[in-house]
K.L.:
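Could you have a look at this structure, given as structure tokens, before my questions?
Whatever order the structure lists ligands and atoms in, that order sets their numbers, starting from 1. Sequence positions, counted from 1, serve as the residue numbers for this chain. Since we're looking at a predicted model, the values are computed, not measured.
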Amino acid sequence: MNKKTLKDIDVKGKRVFCRVDFNVPMQDGKITDETRIRAALPTIQYLMEQGAKVILASHFGRPKGKVVEEMRLTPVGVRLAELLGKDVKKVDEAYGDSVKAVISSMNEGDVLLLENVRFYPGEEKNDPELAKAFAELADVYVNDAFGAAHRAHASTEGIAHNLPAVSGFLMEKELDVLGKALSNPERPFTAIIGGAKVKDKIGVIENLLELVDNLIIGGGLAYTFIKAQGHEIGKSLLEADKIDLAKSFMEKAKAKGVNFYMPVDAIVADDFSADANSKVVAIEEIPADWEALDIGPKTAEIYRDVIQKSKLVIWNGPMGVFEIDKFAGGTKAVAEALAEAQGTYSVIGGGDSAAAAEKFGLAEKMSHISTGGGASLEFIEGKALPGVMALNDK
Ligand SMILES: Nc1ncnc2c1ncn2[C@@H]1O[C@H](COP(=O)(O)OP(=O)(O)OP(=O)(O)O)[C@@H](O)[C@H]1O
Ligand SMILES: O=C(O)[C@H](O)COP(=O)(O)O
């Protein structure tokens with residue numbers, strides 16, 4: 001990487017604004033997967049050992065520029081303190097005089113966690129004033145938030161223009177590992193795209209068609225494609241204004257000779273809940289009042305077979321609502337196929353896919369679990385990541 005890293009600068013006694021990605025899966029105020037917190041520890045511990053005053057900033061969820069009580073970073077601070085074996089002071093703002101006062105009382109090696117940066121409308125707008133306000137808190141900026149590096153926001157991009165700016169260890173490692181896997185990909189190269197963020201991921205699919213031999217679609221975003229094929233999808237997730245785009249992708253795949261795999265069956269439910277009635281149906285037969293919440297067993301078998309014949313697989317986004325056991329089978333089948341595949345380099349991206357691998361006890365069997373979802377996809381697509389571009393050159 002041609003960007004400066006933490007090892008290139010001296011942080012002793014300095015106030016370091018360290019952007020991390022603590023956007024962890026959470027249910028009822030409990031962290032359900034702490035991969036992203038653990039992944040940030042090497043940088044945080046290094047900063048502590050070097051005698052920096054460590055000021056951590058992160059976003060959590062999508063509060064849209066307002067304070068949302070359930071999206072405070074307080075539970076993350078509690079868990080971080082346990083993992084570090086050290087107090088972590090948490091404040092309820094992310095800049096301003098009261099935060100400055102807390103920072104001025106910090107000792108070398110102390111750790112402070114700021115509030116969710118997305119509580120401020122300027123964050124996602126990359127407002128230069130907010131970037132300046134963040135920068136005023138510190139002497140140095142370290143970006144270790146690989147998972148948010150595809151966002152040009154005030155705490156991931158803007159701030160880097162106001163302070164000496166370097167990457168953290170996690171950022172460096174992610175760019176290194178992903179860069180190596182993709183510089184000359186082994187084939188067959190397969191991408192598996194699932195999850196629920198249809199808007200975010202649909203563009204990615206188009207770019208992946210230029211790179212891969214096989215494209216597997218699952219999760220909530222599959223149903224926009226199924227609809228585009230002319231089937232009814234009941235109450236399944238749909239991005240209606242993307243149907244034509246989905247159609248054009250399927251045509252593009254055909255023209256390019258990319259194998260485009262979509263669910264042939266699904267598990268449908270009459271409610272989005274653990275005690276819903278559910279059944280397996282062929283993909284053309286989703287009942288009007290039901291929604292598809294997982295791929296079906298036939299689809300899982302086909303996907304398993306493709307995965308096992310691949311040399312490089314990137315996987316982003318679960319195949320179904322894996323948080324609920326009865327809709328977890330498809331995601332589990334994909335995770336198992338990846339874990340069992342011999343000689344296949346497997347890269348998992350996305351908070352939820354990583355959480356799923358962890359939930360099924362298969363995380364250790366994957367070649368690389370990236371802490372980035374959208375970020376790893378954009379990197380794979382060959383896009384420049386704003387959070388990386390803004391850092392100082394070596
Ligand atoms: N068929 C479906 N209908 C509705 N929701 C679904 C369906 N399949 C999966 N999901 C949901 O998608 C969510 C994950 O989607 P998301 O796109 O955020 O994936 P991700 O792996 O976390 O990627 P990223 O890190 O980029 O956000 C899960 O909470 C899961 O329950
Ligand atoms: O979960 C992620 O992919 C990152 O934390 C970025 O979150 P975002 O998609 O809400 O920007």
K.L.:
Quiz question: by atom type and distance under 3.5 Å, do the side chains of His368 and Glu174 form a donor-acceptor pair?
P.N.:
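Result is yes, a qualifying pair exists.
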K.L.:
Quick one: which ligand 1 atoms are inside 4.0 Å of a heavy atom on Gly220?
P.N.:
1 (N), 2 (C), 3 (N), 7 (C), 8 (N), 9 (C)
K.L.:
Can you tell me which portion of Glu323 lies within the under-4.0 Å heavy-atom range of ligand 1? Options are side chain, backbone, both, or neither.
P.N.:
side chain
K.L.:
Just to check, does Lys201 reach to within less than 4.0 Å of ligand 1 when the distance is taken from its heavy atoms?
P.N.:
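True for this residue.
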K.L.:
Extract all N/O-N/O pairs under 3.5 Å that connect ligand 2 to the protein, and present each with both atom names and the distance rounded to 0.1 Å.
P.N.:
from, atom 1, to, atom 2, distance (Å)
ligand 2, 1 (O), Asn23, ND2, 3.1
ligand 2, 1 (O), Arg36, NH1, 3.0
ligand 2, 1 (O), Arg36, NH2, 3.3
ligand 2, 5 (O), Asp21, OD1, 3.3
ligand 2, 5 (O), Asp21, OD2, 2.9
ligand 2, 5 (O), Asn23, ND2, 3.0
ligand 2, 5 (O), Arg36, NH1, 3.2
ligand 2, 5 (O), His59, NE2, 2.9
ligand 2, 7 (O), His59, NE2, 3.3
ligand 2, 9 (O), Arg62, NH2, 2.8
ligand 2, 9 (O), Arg151, NH2, 2.8
ligand 2, 9 (O), Lys197, NZ, 3.3
ligand 2, 10 (O), Arg62, NE, 2.8
ligand 2, 10 (O), Arg62, NH2, 3.4
ligand 2, 10 (O), Arg118, NH1, 2.9
ligand 2, 11 (O), Arg118, NH2, 2.7
ligand 2, 11 (O), Arg151, NE, 2.6
ligand 2, 11 (O), Arg151, NH2, 3.2

K.L.:
Among Gly373, Ala375, Ala292, which residue places a heavy atom closest to atom 1 (N) of ligand 1?
P.N.:
Ala292
K.L.:
Quick one: which ligand 1 atoms are inside 4.0 Å of a heavy atom on Gly374?
P.N.:
26 (O)
K.L.:
Would you say Thr371's side chain and Gly147's backbone share a donor-acceptor pair under 3.5 angstrom?
P.N.:
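Checking the backbone N and O of Gly147 against the side chain of Thr371, no donor-acceptor pair under 3.5 Å is found.
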K.L.:
If I apply the N/O under 3.5 Å rule, does Phe322 come out as touching ligand 1?
P.N.:
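No: no nitrogen or oxygen of Phe322 is under 3.5 Å from one in ligand 1.
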K.L.:
Show which atoms of ligand 1 fall inside a sub-4.0 Å distance from at least one heavy-atom site of Ser353.
P.N.:
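Those qualifying, in numeric order: 21 (O).
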K.L.:
Answer with yes or no whether Tyr223 contacts ligand 1, where contact means a heavy atom under 4.0 Å from a ligand atom.
P.N.:
yes
K.L.:
When hydrophobic residues are tied together by side-chain contacts of less than 4.5 Å, even through go-betweens, does Tyr223 share a cluster with Ile302?
P.N.:
no
K.L.:
Is Arg62 salt-bridged to Asp200, cutoff N-O under 4.0 Å?
P.N.:
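Judged by the 4.0 Å cut-off on N to carboxylate O distance, Arg62 and Asp200 do form a salt bridge.
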K.L.:
Looking at ligand 1, does any of its N/O atoms fall within less than 3.5 Å of an N/O of Gly195?
P.N.:
no
K.L.:
Decide yes or no for Lys3 and Val388: does some side-chain heavy atom of the first lie under 4.5 Å from some side-chain heavy atom of the second?
P.N.:
yes
K.L.:
Can you tell me how far apart CD1 (Ile216) and CD1 (Ile193) are? Round to the nearest 0.5 Å.
P.N.:
10.0 Å
